[in-house]
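One structure is given below, encoded as structure tokens.
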Amino acid sequence: GLLLPTNKSAENFCNFFDHYQLDYFLVSASDLLQHDIIQDWFSIIRAHKGSANRIDWYKLTYRIAQSSNKSKNITRENTIRFVDELYENGISVSDVISDQPCPKKIFNYRLKSLVNAWDNDAVVIFDTETTGLNFNKAKIVQLAAIKVQAGKIIDVFDRYINIGLTDNFSELDIDFDNSSQVHKITREQIAAGDTELDVLSSFFDFVGKHPLIAHNMNFDNTMLRMAVTNLDSFELETRFNDITFHSQFDSLLLAKSLLPNEESYKLENLLKSQKLEGTNSHNALDDVKATASLVNLLIGKAKEKLASI
């Protein structure tokens with residue numbers, strides 16, 4: 001039996017069988033992946049990951065408008081014009097969507113909620129240092145965060161994790177020695193570190209209910225998720241899930257939106273091009289302080305756009 005992804009693929013195989021006069025029977029249906037609802041879900045997933053393109057936003061905005069407008073007078077042309085106008089002003093649709101599941105105020109959208117949290121409440125900027133980039137085997141060796149209010153650091157979290165290094169040159173040891181050439185964390189610092197369970201639990205305490213910011217958020221969030229999953233702690237997994245429901249902002253994606261003409265969006269390059277304070281040393285604490293400097297600039301840029309939104 002052959003299970004094929006599309007009817008076109010099935011047709012090609014049928015032609016092959018016909019050519020060689022082989023008996024077969026064909027069971028076909030419409031292509032599942034081409035159904036509108038499946039394509040919409042792909043767009044939703046890309047939007048959730050921060051990688052939705054303009055076509056995704058055309059589609060999703062139209063679907064939402066159609067479902068919420070009883071008179072059904074929203075046309076595809078109107079939707080495209082609306083999304084294009086946002087983009088022409090340097091704004092993504094994600095900037096004007098509320099980050100709350102049931103928003104009480106329609107204009108409490110993401111960009112505005114970030115500015116309000118930065119000015120009036122507090123945000124937590126965090127970073128991880130790891131033994132590598134492979135999510136399946138890399139370990140977090142340092143987790144650092146700062147709590148920032150009105151542009152000023154009001155609290156600091158900086159912990160090393162004892163990942164059980166030995167002198168037996170295991171794969172973990174080799175990975176750490178290779179990564180230490182980048183982040184400069186020593187074996188002595190690791191040996192004096194705390195358990196992964198203790199560090200993660202304390203980090204979730206530090207975050208509380210505050211919005212989270214990271215530069216390349218997807219990487220750091222995935223490292224946290226893998227660490228929590230490997231510990232097999234229901235309590236810790238619940239706490240991780242709690243913080244994922246907070247407002248989360250990727251300063252890399254914000255920079256792409258608010259600083260559209262940069263050649264590179266790596267943290268060290270943005271610090272240099274924008275002449276910002278801070279060092280991207282690949283020590284997690286240095287990097288979160290540098291990210292705070294970048295976010296402070298981005299907040300100013302965001303405020304300029306709020307009126308046009």
Side-chain angles (χ1 to χ4, degrees), residues 48-50 91-92 94-101 103-105 107-129 142-159 199-225 239-259 265 267 270-271 274 276-280 283-306 309:
H48 181 68
K49 291 179 64 180
I91 302 164
S92 167
S94 62
D95 294 328
V96 298
I97 292 178
S98 173
D99 53 9
Q100 302 299 319
K104 294 180 180 178
K105 296 182 179 179
F107 293 116
N108 187 28
Y109 37 77
R110 284 175 53 78
L111 204 55
K112 187 174 181 180
S113 68
L114 171 61
V115 170
N116 286 339
W118 182 268
D119 285 345
N120 304 315
D121 185 15
V123 301
V124 172
I125 303 173
F126 80 101
D127 185 40
T128 60
E129 294 302 331
Q142 183 190 14
L143 180 54
I146 54 175
K147 198 169 290 181
V148 181
Q149 186 178 59
K152 295 183 179 180
I153 298 173
I154 60 173
D155 203 356
V156 176
F157 179 94
D158 184 22
R159 302 278 290 276
V199 172
L200 290 172
S201 181
S202 298
F203 172 68
F204 296 149
D205 288 339
F206 183 84
V207 173
K209 299 295 183 182
H210 298 293
L212 281 171
I213 302 176
H215 201 74
N216 192 7
M217 170 73 79
N218 183 58
F219 176 82
D220 295 295
N221 250 355
T222 304
M223 286 304 307
L224 286 178
R225 180 182 294 108
R239 298 189 68 189
F240 172 76
N241 289 335
D242 285 343
I243 71 165
T244 63
F245 283 106
H246 299 180
S247 300
Q248 295 195 351
F249 300 92
D250 188 337
S251 54
L252 187 151
L253 297 179
L254 285 170
K256 285 184 176 181
S257 172
L258 298 168
L259 303 171
Y265 291 92
L267 181 57
L270 289 171
L271 294 173
Q274 296 296 322
L276 300 172
E277 293 183 1
T279 304
N280 182 204
N283 177 281
L285 186 58
D286 287 343
D287 289 357
V288 291
K289 290 179 178 179
T291 302
S293 182
L294 171 63
V295 173
N296 195 48
L297 170 72
L298 296 176
I299 291 293
K301 298 288 184 182
K303 288 179 178 178
E304 295 172 8
K305 287 194 174 182
L306 288 176
I309 289 178

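We number each residue from 1, following the sequence as shown.
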### Message
What I'd like to find out is whether the side chain of L114 reaches to under 4.5 Å of the side chain of I299, using heavy atoms alone.
### Response
yes

### Task
Give the C-alpha distance, both sets of side-chain angles, the deciding distance and a yes or no for side chain to side chain contact (heavy atoms under 4.5 Å, CB included) between I243 and L212.
CA-CA 8 Å; I243 71 165; L212 281 171; 3.8 Å; yes

### Message
Within this structure, what is the CD1-CD1 distance for the pair I146 and I154, rounded to the nearest 0.5 Å?
### Response
10.5 Å

### Task
Evaluate the side-chain proximity of F203 to L224: yes if any heavy-atom separation is below 4.5 Å, no if none is.
yes

### Query
To the nearest 0.5 Å, how far apart are CG in D287 and CG in N216?
12.0 Å

### Task
Side-chain contact test, heavy atoms from C-beta onward, threshold under 4.5 Å: evaluate it for E129 versus N283 and give yes or no.
no

#### Entry: N/O donor-acceptor pair under 3.5 Å between T291 side chain and H215 backbone
no

### Task
Taking all non-hydrogen atoms of both residues into account, name the closest pair between L271 and G278 and its distance.
CD1-O, 3.8 Å

### Task
Report yes if some heavy atom in the side chain of F249 is under 4.5 Å from a heavy atom in the side chain of M217; otherwise report no.
no

### Query
Is it true that the NZ or CZ of K147 lies under 6.0 Å from the centre of F206's six-membered ring and within 45 degrees of the ring axis?
yes

### Sequence-distant partners of D286, side-chain hydrogen bond (donor to acceptor under 3.5 Å, both in side chains), two or more places apart
S281

### Query
Are D119 and K303 within salt-bridge range, i.e. N to O under 4.0 Å?
yes

### Task
Just jot down the side-chain hydrogen bond (donor to acceptor under 3.5 Å, both in side chains) partners of D158, sequence neighbours excluded, or say none.
Q142

#### Entry: Main-chain N/O of S251 paired to Y265 side chain as donor or acceptor, under 3.5 Å
no

### side chain to side chain contact (heavy atoms under 4.5 Å, CB included) between I213 and D250, worked out
CA-CA 6 Å; I213 302 176; D250 188 337; over 6 Å; no

### Message
Just to verify, what does D205 make a side-chain hydrogen bond (donor to acceptor under 3.5 Å, both in side chains) with, not counting sequence neighbours?
### Response
R239

### Message
Looking at Q149 and A122, would you say the former's side chain and the latter's main chain have a donor-acceptor pair under 3.5 Å?
### Response
no

### Query
If you round to the nearest 0.5 Å, how far is CG of D121 from OG of S247?
10.5 Å

### Message
Within this structure, what is the NZ-OG distance for the pair K301 and S257, rounded to the nearest 0.5 Å?
### Response
12.0 Å

### Message
Is there a side-chain contact between F157 and L285 in this structure, where contact means two heavy atoms from C-beta onward sitting under 4.5 Å apart?
### Response
no

### Message
Taking the side chain as everything from C-beta on, heavy atoms only, tell me whether D242 gets closer than 4.5 Å to V207.
### Response
no

### Task
With rounding to the nearest 0.5 Å, note down the distance linking CE in M223 to CG in L143.
10.5 Å

### Query
Do D220 and D127 have side chains that get closer than 4.5 Å, going by heavy atoms?
yes

### Query
So does Q274 have more than 12 non-hydrogen atoms from other groups sitting under 6.0 Å from CD?
yes

## Note on the structure
d(L297 CG, L270 CG) to nearest 0.5 Å is 9.0 Å

### Under 3.5 Å donor-acceptor, Q248 side chain and N221 backbone
no

### Message
For N241, is there any backbone N or O sitting under 3.5 Å from a side-chain donor or acceptor partner on T244?
### Response
yes

